[in-house]
J.: 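Just passing along the structure, written as structure tokens.
Quantities reported herein were computed from a predicted structural model and do not represent experimental measurements. Both ligands and their constituent atoms are indexed starting at 1 by order of listing. Numbers here are sequence positions counted from 1.
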Amino acid sequence: MNEQLVAQAARALKEARAVVVFTGAGVSAESGVPTFRDALTGLWARYRPEELATPQAFRANPKLVWDWYEFRRELVRAARPNPAHLAIAELQRLHPDLLVVTQNVDDLHEQAGSRDVLHLHGNIAQTKCFNNCQGTPTLVDISGWTIDPDHTPPACPHCGGWLRPNVVWFNEALPFDVLEAALEASQRCAAMLVIGTSGVVYPAARIPLNALARGIPVFDVNPYQSQFSQDAVWLPYPAGEVMPRIVEAYARL
Ligand code: BV8
Ligand code: ZN
């Protein structure tokens with residue numbers, strides 16, 4: 001591992017009065033949560049994400065989409081934070097002004113101890129009414145329910161309509177206040193860590209692009225090239241390996 005790059009990242013984070021850590025599915029990969037595209041295996045292998053994760057797909061085949069999310073919810077329930085999540089939580093404890101913004105719909109950052117995480121694309125463990133019948137979002141707690149797998153999606157207790165996961169599908173708007181807060185943070189921070197994202201999905205990709213446009217230090221942690229690797233300082237390593245090293249170096253400064 002290139003120790004200079006690790007030291008450079010640690011120093012830039014230490015000198016930055018405000019830091020944003022922006023994460024994608026790659027930060028959860030080492031926890032065994034497949035990235036969005038990898039989750040299309042078996043029964044769902046013949047679909048593209050944009051064909052399943054949309055309101056149109058849900059209207060056309062609510063059972064197929066609900067069952068795909070139930071499959072992914074199981075994977076998330078079985079997952080535990082990995083060293084990258086734990087290092088990010090430790091960094092937030094060490095740095096006076098650090099915000100975590102994630103595209104991920106799992107809660108592994110919170111399980112690792114990160115606080116006030118901004119979820120741009122929602123939370124797969126939460127369920128809401130497809131009609132938002134009591135206001136946006138109409139969250140429904142189904143944790144105590146026994147759901148008949150032959151009769152999914154379950155019905156909203158208020159309006160009888162379909163229930164759905166509380167995630168942002170393609171062609172759906174991101175939660176306005178969350179996106180605004182994330183964009184504002186990307187304009188205000190003095191350094192950014194971008195971890196485990198391809199940078200394909202918008203408007204989330206605008207968060208790192210804003211930081212790059214401002215010329216502040218941006219570090220791209222990804223074993224493969226992303227949309228940002230050319231313009232950022234690229235650390236071509238798995239997050240679970242390099243993040244603990246960056247935080248150790250930071251703690252020694
Ligand atoms: C909207 C929740 C408008 C659901 C998700 C053409 C050009 C540009 C944009 C568009 C376009 N056509 C349409 C659009 C807009 C569209 C979009 O961006 N499409 C893309 C495909 C081109 N965006 C939208 O539709 C958004 N909404 O625009 O609405 C609007 C406005 C007002 C009113 C009405 C409508 C909504 C986008 C949100 C979609 N929902 N998630 C769910 O999860 O089921 S996005 C989903 O895919 C994930 O959340 C993630 O953000 C994204 C990508 O998923 P992955 O590929 O899994 O993850 P990622 O890209 O982060 O890649 C993984 C990376 O990790 C890789 O680079 C890999 O190398 C790396 N990695 C692997 N292992 C490791 C690692 N890194 C570090 N360590 C490791 N160990
Ligand atoms: Zn309802």
Side-chain angles (χ1 to χ4, degrees), residues 22-40 44 47-58 65-66 68-73 75-76 82-85 87-88 101-106 119-140 153-176 178-179 193-209 219-229 234-243:
F22 179 76
T23 66
V27 81
S28 297
E30 291 159 86
S31 296
V33 178
T35 67
F36 193 65
R37 289 156 204 352
D38 302 345
L40 289 161
W44 296 286
Y47 297 93
R48 286 186 309 106
E50 295 77 22
E51 284 176 310
L52 277 183
T54 69
Q56 293 76 11
F58 185 67
V65 174
W66 173 273
W68 180 52
Y69 277 91
E70 192 45 42
F71 161 71
R72 289 175 58 203
R73 278 173 165 172
L75 296 177
V76 168
N82 69 58
H85 295 109
I88 292 165
V101 179
T102 189
Q103 302 172 88
N104 298 339
V105 293
D106 63 52
H119 280 265
L120 295 174
H121 296 154
N123 178 337
I124 199 168
Q126 293 177 337
T127 300
K128 70 176 182 179
C129 170
F130 184 61
N131 304 321
N132 282 322
C133 61
Q134 311 295 309
T136 303
T138 300
L139 292 184
V140 175
C156 170
H158 307 293
C159 71
W162 290 315
L163 292 181
R164 56 164 286 184
N166 183 31
V167 299
V168 178
W169 279 331
F170 288 99
N171 311 321
E172 286 191 319
L174 277 61
F176 178 77
V178 176
L179 179 59
L193 265 179
V194 178
I195 308 172
T197 185
S198 61
V200 163
V201 171
Y202 283 77
R206 285 177 48 204
I207 307 298
L209 291 174
F219 297 88
D220 182 25
V221 172
N222 195 328
Y224 307 97
Q225 282 247 358
S226 78
Q227 296 292 321
F228 313 114
S229 307
W234 183 27
L235 288 96
Y237 309 105
E241 285 174 30
V242 71
M243 281 313 301

J.: Below 3.5 angstrom, do we get any N/O pair linking Ser198 and ligand 1?
T.: yes
J.: So if I count the atoms of ligand 1 from 1 in the order they appear, which ones are less than 4.0 Å from some heavy atom of Tyr224?
T.: 69 (O)
J.: Which atoms of ligand 1 have any heavy atom of Glu50 under 4.0 Å away?
T.: 21 (C)
J.: Do any nitrogen or oxygen atoms of Val168 lie less than 3.5 angstrom from nitrogen or oxygen atoms of ligand 1?
T.: yes
J.: Any N or O on Ala239 sitting closer than 3.5 Å to an N or O of ligand 1?
T.: yes
J.: Suppose we measure from atom 20 (C) of ligand 1 to each protein heavy atom; which comes out shortest, and what is that distance?
T.: Val200 O, 4.0 Å
J.: What protein heavy atom sits nearest atom 56 (O) of ligand 1, and how far away is it?
T.: Arg37 NE, 3.4 Å
J.: Quick one: does Tyr69 get an N or O within less than 3.5 Å of an N or O on ligand 1?
T.: yes
J.: For atom 52 (C) of ligand 1, what's the nearest protein heavy-atom neighbour? Residue, atom name and distance, please.
T.: Val201 CG2, 3.3 Å
J.: Is at least one protein non-hydrogen atom found at under 4.0 angstrom from atom 26 (C) of ligand 1?
T.: yes
J.: A side-chain contact here means heavy atoms from C-beta on lying under 4.5 Å apart; do His119 and Asn166 qualify?
T.: no
J.: So Gln126 and Pro137, do their side chains get closer than 4.5 Å, heavy atoms only?
T.: no
J.: Got a donor-acceptor contact below 3.5 angstrom from the Trp234 side chain to the Gln225 backbone?
T.: no
J.: Could you tell me, atom by atom, which parts of ligand 1 come under 4.0 Å of a heavy atom of Arg72?
T.: 42 (C), 43 (O), 44 (O)
J.: Could you tell me whether the side chain of Val167 reaches within less than 4.5 Å of the side chain of His121, counting heavy atoms only?
T.: no
J.: Asn104 versus ligand 1: do any nitrogen or oxygen atoms come within less than 3.5 Å of each other?
T.: no
J.: Are any of the protein's heavy atoms under 4.0 angstrom from atom 11 (C) of ligand 1, yes or no?
T.: no
J.: Which atoms of ligand 1 are found less than 4.0 Å from any heavy atom of Pro238?
T.: 78 (N), 80 (N)
J.: Hey, is the main chain of Arg48 close enough, under 3.5 Å, to the side chain of Glu51 for a donor-acceptor pair?
T.: yes
J.: Would you name the heavy atoms of Phe228 and Asp220 that are closest together and state the gap between them?
T.: C-OD2, 4.1 Å
J.: So which heavy atom in the protein is nearest atom 55 (P) of ligand 1, and how far is it from that ligand atom?
T.: Phe36 CB, 3.5 Å
J.: Is there a side chain to side chain contact (heavy atoms under 4.5 Å, CB included) between Leu193 and Ile88? Walk through the geometry before answering.
T.: CA-CA 10 Å; Leu193 265 179; Ile88 292 165; 5.8 Å; no
J.: Is it the side chain, the backbone, both or neither of Glu172 that has a heavy atom closer than 4.0 Å to ligand 1?
T.: backbone
J.: For ligand 1, indicate whether the residue Ser226 contacts it via side chain, backbone, both or neither (heavy-atom separation under 4.0 Å).
T.: neither
J.: Considering only non-hydrogen protein atoms, determine which one is nearest to atom 33 (C) of ligand 1 and report residue, atom name and distance to 0.1 Å.
T.: Ala173 CB, 3.7 Å
J.: For atom 73 (N) of ligand 1, what is the nearest protein heavy atom, given as residue, atom name and distance?
T.: Ala29 CB, 3.7 Å
J.: Can you check whether Ser31's main-chain N or O pairs, donor with acceptor, with Ser28's side chain at less than 3.5 Å?
T.: no
J.: Which atoms of ligand 1 sit under 4.0 Å from any heavy atom of Glu30?
T.: 78 (N), 79 (C), 80 (N)
J.: What are the atoms of ligand 1, with element, lying closer than 4.0 Å to any heavy atom of Trp169?
T.: 36 (C)
J.: Without hydrogens or angle criteria, can the side chains of Glu30 and Asn82 be said to hold a donor-acceptor pair below 3.5 Å?
T.: no
J.: Would you say the side chain of Thr127 lies within less than 4.5 Å of the side chain of Trp66, judging by non-hydrogen atoms?
T.: yes
J.: Does the protein place a non-hydrogen atom closer than 4.0 angstrom to atom 70 (C) of ligand 1?
T.: yes
J.: Starting from atom 66 (C) of ligand 1, what is the nearest protein heavy atom, named by residue and atom, and what distance separates them?
T.: Asn222 ND2, 3.9 Å
J.: If every non-hydrogen atom of Pro55 is compared with every non-hydrogen atom of Phe170, which pair is closest and at what distance?
T.: CD-O, 3.4 Å
J.: What protein N/O/S atoms are there under 2.8 Å from the Zn ion (ligand 2), waters excluded?
T.: Cys129 SG, Cys133 SG, Cys156 SG, Cys159 SG
J.: Under 4.5 Å between any side-chain heavy atoms of Phe71 and Trp68, yes or no?
T.: yes
J.: Check Thr138 against Cys133 and note the closest heavy-atom contact, atom names and distance.
T.: OG1-N, 3.3 Å
J.: Which pair of non-hydrogen atoms, one from Val221 and one from Met243, has the smallest distance, and what is that distance?
T.: CG2-SD, 4.4 Å
J.: Could you find the nearest protein heavy atom to atom 64 (C) of ligand 1 and give me its residue, atom name and distance?
T.: Gly196 O, 3.5 Å
J.: Mark yes or no for whether Asn104, through its side chain, and Gly24, through its backbone, hold a donor-acceptor pair below 3.5 Å.
T.: yes
J.: Please confirm whether Tyr202 comes within less than 3.5 Å of ligand 1 when only nitrogen or oxygen atoms on both sides are compared.
T.: yes
J.: Any salt bridge between Glu172 and Arg164, counting N to O under 4.0 Å?
T.: yes
J.: Would you indicate whether the side-chain heavy atoms of Leu209 and Tyr202 approach each other to under 4.5 Å?
T.: yes
J.: Please tell me if the side chains of Leu179 and Pro203 come closer than 4.5 Å, counting only heavy atoms from C-beta onward.
T.: yes
J.: Please report the closest heavy-atom contact between Trp169 and Ala53, naming both atoms and the distance.
T.: CB-O, 3.2 Å
J.: Between Phe170, Phe228, Phe176, flag the one that comes closest to atom 19 (N) of ligand 1 by a heavy atom.
T.: Phe170
J.: Using the side chain to side chain contact (heavy atoms under 4.5 Å, CB included) definition, which of the options Thr197, Val168, Ile207 pairs with Gln103?
T.: Thr197
J.: Nearest non-hydrogen atom to atom 5 (C) of ligand 1 belongs to which of Arg48, Gln103, His121?
T.: His121
J.: For atom 42 (C) of ligand 1, is the nearest protein heavy atom closer than 4.0 Å?
T.: yes
